[in-house]
Protein chains: 2
Amino acid sequence: MKQDQKAIRPKPDLDFSFLSRTPLFLGASPEEIEAMTACLEAETRTYEKGQMIYRAGDTAAALGLVLCGRILIVHDDFWGNATVMDSAGAGQIFAETYACTPGEPMMVNAEAAEDSQVLFLNVGRILRTCSRSCEHHSRLIRNLLALSARKNLNLSRKIFYTASKSVRGRLLAYLSDQAVRNGSHSFTIPFNRQQLADYLNVDRSALSKEIGRLQREGALKTKKNWFEMGK
Amino acid sequence: MKQDQKAIRPKPDLDFSFLSRTPLFLGASPEEIEAMTACLEAETRTYEKGQMIYRAGDTAAALGLVLCGRILIVHDDFWGNATVMDSAGAGQIFAETYACTPGEPMMVNAEAAEDSQVLFLNVGRILRTCSRSCEHHSRLIRNLLALSARKNLNLSRKIFYTASKSVRGRLLAYLSDQAVRNGSHSFTIPFNRQQLADYLNVDRSALSKEIGRLQREGALKTKKNWFEMGK
DNA sequence: CCTTTTTTGTGGTTATGACAACAGATTTGT
DNA sequence: ACAAATCTGTTGTCATAACCACAAAAAAGG
């Protein structure tokens with residue numbers, strides 16, 4: 001269930017042209033999207049920075065599409081340690097995994113990292129009824145599948161990177177994969193040191209130590225979030 | 001590309017009644033499935049224990065549905081350490097993530113854990129063409145989405161369990177979640193000690209040590225793969 | 001039933017990384 | 001341009017977990 005919402009805006013405010021450029025609605029025209037919003041029980045809600053959108057334990061019937069702002073997906077363990085699992089900016093979606101597996105309680109919180117506006121879409125109705133009932137549903141489902149598969153790859157990657165038990169192993173697994181994926185020995189990463197440490201599940205200072213060591217060995221050059229790998 | 005196949009069986013050998021009971025074809029009748037096989041370019045291949053089905057670096061156009069035997073999904077890192085990521089038995093599918101994100105090179109190997117028979121289905125064709133071209137495609141895609149979302153949850157869980165830096169933290173995260181999911185303080189797990197250690201990314205002896213400690217504290221009772229959590 | 005193999009628990013040693021504290025560098029805001 | 005805040009690298013201490021070796025227990029196989 002959605003919580004702490006400040007206001008509910010009527011659908012007419014929706015920017016269908018913006019939506020048609022999001023991965024979820026890719027290939028659908030603004031007019032088609034407008035036609036779909038009824039089936040999807042589209043609802044827009046606004047959140048202030050720090051507000052909770054979904055809480056662990058909730059069952060999410062609707063996925064969220066970020067209209068503006070940024071949403072963080074956070075896992076809190078027993079002892080209160082928070083782990084950032086994912087983040088979704090404008091045009092991206094979140095909670096779609098739970099919206100696609102009805103009844104499954106969420107393991108994470110979704111919270112607004114900044115003042116944000118979220119469009120909720122009840123995809124469950126589409127998934128349960130025959131897609132022929134509405135022409136454009138099938139495209140939406142295909143897009144959802146593509147997004148889900150891509151998220152799968154991202155989760156797998158994080159698992160691979162953290163498979164090594166040493167800081168060095170994790171760092172090299174991550175960096176060398178980035179080099180491969182960028183097709184270049186020189187690239188930038190979307191993390192600062194603290195975030196990279198959190199992502200690789202290591203201590204920040206230990207990470208800095210290892211980076212320094214690799215630089216002294218000549219295996220690496222780095223400045224801020226730019227890296228160059230020795231071949 | 002598929003490798004090392006020993007024989008190609010013609011479609012008439014397929015057991016459509018079996019297929020209709022698999023998660024992928026759930027809700028489709030044997031006759032409907034038979035009609036679909038053409039669109040899916042269905043091909044059956046047999047593999048001997050240990051044979052490679054897909055290699056890391058391959059691009060997989062077809063997903064694999066295990067007809068009999070068992071397929072292991074294995075990640076080999078830089079230094080040759082192998083990690084079992086997943087396993088698929090009869091009726092289950094593998095490589096569907098890659099089949100749904102065309103062009104993405106695989107990060108894992110797929111290999112036969114025992115003599116196996118695999119049905120390859122080219123879902124890419126379905127995803128790229130309008131689903132109306134074949135009545136039953138939409139159900140297949142919805143099933144694929146459900147499977148993908150569920151795999152997502154499994155990957156997330158593994159990440160949560162290994163988020164803690166201590167053996168104790170990981171073990172308790174895993175066991176307490178199992179208790180919740182089983183709805184009971186008493187449950188069995190699908191791992192022996194070595195497998196659980198691998199899954200949680202810790203050393204086996206360290207795991208045994210921690211289990212012993214928890215038992216002495218009275219927080220836990222265990223025998224083999226049976227556990228009972230103190231409340 | 002006995003042998004062989006696999007699984008599990010323990011102890012000791014050592015390397016490693018978490019943690020804390022701090023200084024220099026860089027960025028941001030005013 | 002300056003002050004404040006944030007980010008990064010460095011050092012030292014200490015707890016923890018990996019690693020190794022072995023014995024007890026359980027399972028498998030004949």
Side-chain angles (χ1 to χ4, degrees), chain A residues 49-50 70 72 77-84 87 113-115 161-175 187-228, chain B residues 77-84 113-114 161-175 187-228:
Chain A
K49 175 174 178 174
R70 179 159 292 275
L72 287 185
D77 71 13
F78 264 156
W79 304 273
N81 308 310
T83 313
V84 174
S87 92
E114 37 189 282
D115 291 358
Y161 301 151
T162 54
S164 169
K165 282 166 184 157
S166 69
V167 172
R168 162 173 291 230
R170 292 183 186 196
L171 180 59
L172 288 177
Y174 175 75
L175 290 179
F187 53 90
T188 63
I189 65 173
F191 295 129
N192 63 28
R193 292 288 184 272
Q194 181 63 63
Q195 292 167 329
L196 179 58
D198 288 344
Y199 183 70
L200 298 179
N201 260 303
V202 297
D203 178 75
R204 183 196 58 78
S205 75
L207 178 66
S208 271
K209 225 178 286 190
E210 200 58 54
I211 289 176
R213 202 171 302 157
L214 283 164
Q215 284 190 100
R216 255 170 277 125
E217 296 173 13
L220 198 66
K221 284 208 288 186
T222 177
K223 184 177 185 184
K224 273 211 56 165
N225 63 341
W226 171 85
F227 286 83
E228 187 171 68
Chain B
D77 72 11
F78 263 155
W79 304 274
N81 308 311
T83 313
V84 174
E114 38 188 283
Y161 300 151
T162 53
S164 168
K165 282 165 185 157
S166 69
V167 172
R168 162 173 292 231
R170 293 181 186 196
L171 180 59
L172 288 177
Y174 174 74
L175 291 179
F187 54 89
T188 63
I189 65 173
F191 296 129
N192 64 28
R193 293 288 184 272
Q194 182 63 62
Q195 292 167 329
L196 179 58
D198 288 344
Y199 183 70
L200 298 179
N201 260 304
V202 297
D203 179 75
R204 183 198 58 80
S205 75
L207 178 66
S208 270
K209 235 176 278 193
E210 199 58 54
I211 289 176
R213 202 171 301 156
L214 283 165
Q215 285 189 99
R216 256 170 277 126
E217 294 173 14
L220 199 64
K221 283 209 289 186
T222 177
K223 185 177 185 183
K224 276 212 55 166
N225 63 341
W226 170 87
F227 286 82
E228 187 171 68

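Just the heavy atoms: all of them, side chains too, but no hydrogens, waters or symmetry mates, feed the values below.
When each of A:Lys223 and A:Glu210 is assigned the nucleotide of DNA chain C bearing its nearest heavy atom, the one mapping closer to the 5' terminus is A:Glu210. Between B:Lys224 and B:Val202, it is B:Val202 whose nearest contact on DNA chain D lies nearer the 5' terminus. Where A:Leu207 and B:Ser208 meet DNA chain C, the nucleotide closest to each residue was compared, and B:Ser208 sits on the side nearer the 5' end.
A donor-acceptor pair is defined here as one N or O able to donate and one able to accept, closer than 3.5 Å; no such pair exists between the side chain of A:Glu210 and the backbone of A:Leu207. Checked by atom type and distance alone, the side chain of B:Arg193 never pairs as donor or acceptor with a backbone atom of B:Ser208 at under 3.5 Å. Checking side-chain atoms of B:Arg170 against main-chain N and O of B:Tyr161 turns up no donor-acceptor pair under 3.5 Å.
By the 6.0 Å contact criterion, NZ on A:Lys165 is enclosed, its count of non-hydrogen atoms from other residues, nucleotides or ligands being greater than 12.
Annotation for A:Trp226 and A:Thr222: closest pair O-OG1, 2.8 Å, computed over non-hydrogen atoms.
Rotation axes derived from the C1' atoms of the five outermost pairs at either end of the helix from C:dC1-D:dG30 to C:dT30-D:dA1 lie 70° apart, to the nearest 10°.
Relative ring orientation between A:Tyr174 and A:Phe191 is described as tilted, the plane-to-plane angle lying within the 30° to 60° band.
Regarding B:Gln195, its CD atom lies at a distance of 12 Å from the C1' atom of C:dT6, rounded to whole Å. In this structure, CD of B:Gln194 is placed 11 Å from P of D:dC19, rounded to the nearest angstrom.
Atom CD1 of A:Ile189 is separated from atom OH of A:Tyr199 by 10.5 Å, given to the nearest 0.5 angstrom.
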Enumerate all atom pairs, one protein N or O and one N or O from nucleotides 19-21 of chain C, separated by less than 3.5 Å.
unit_1	atom_1	unit_2	atom_2	d
C:dC19	N4	A:Ser205	OG	3.3

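You'll find that the side chain of B:Arg216 is closest to C:dT10, out of C:dT7, D:dA17, C:dT10.
In this structure, the side chains of B:Leu172 and B:Leu214 come closer than 4.5 Å at one or more pairs of heavy atoms.
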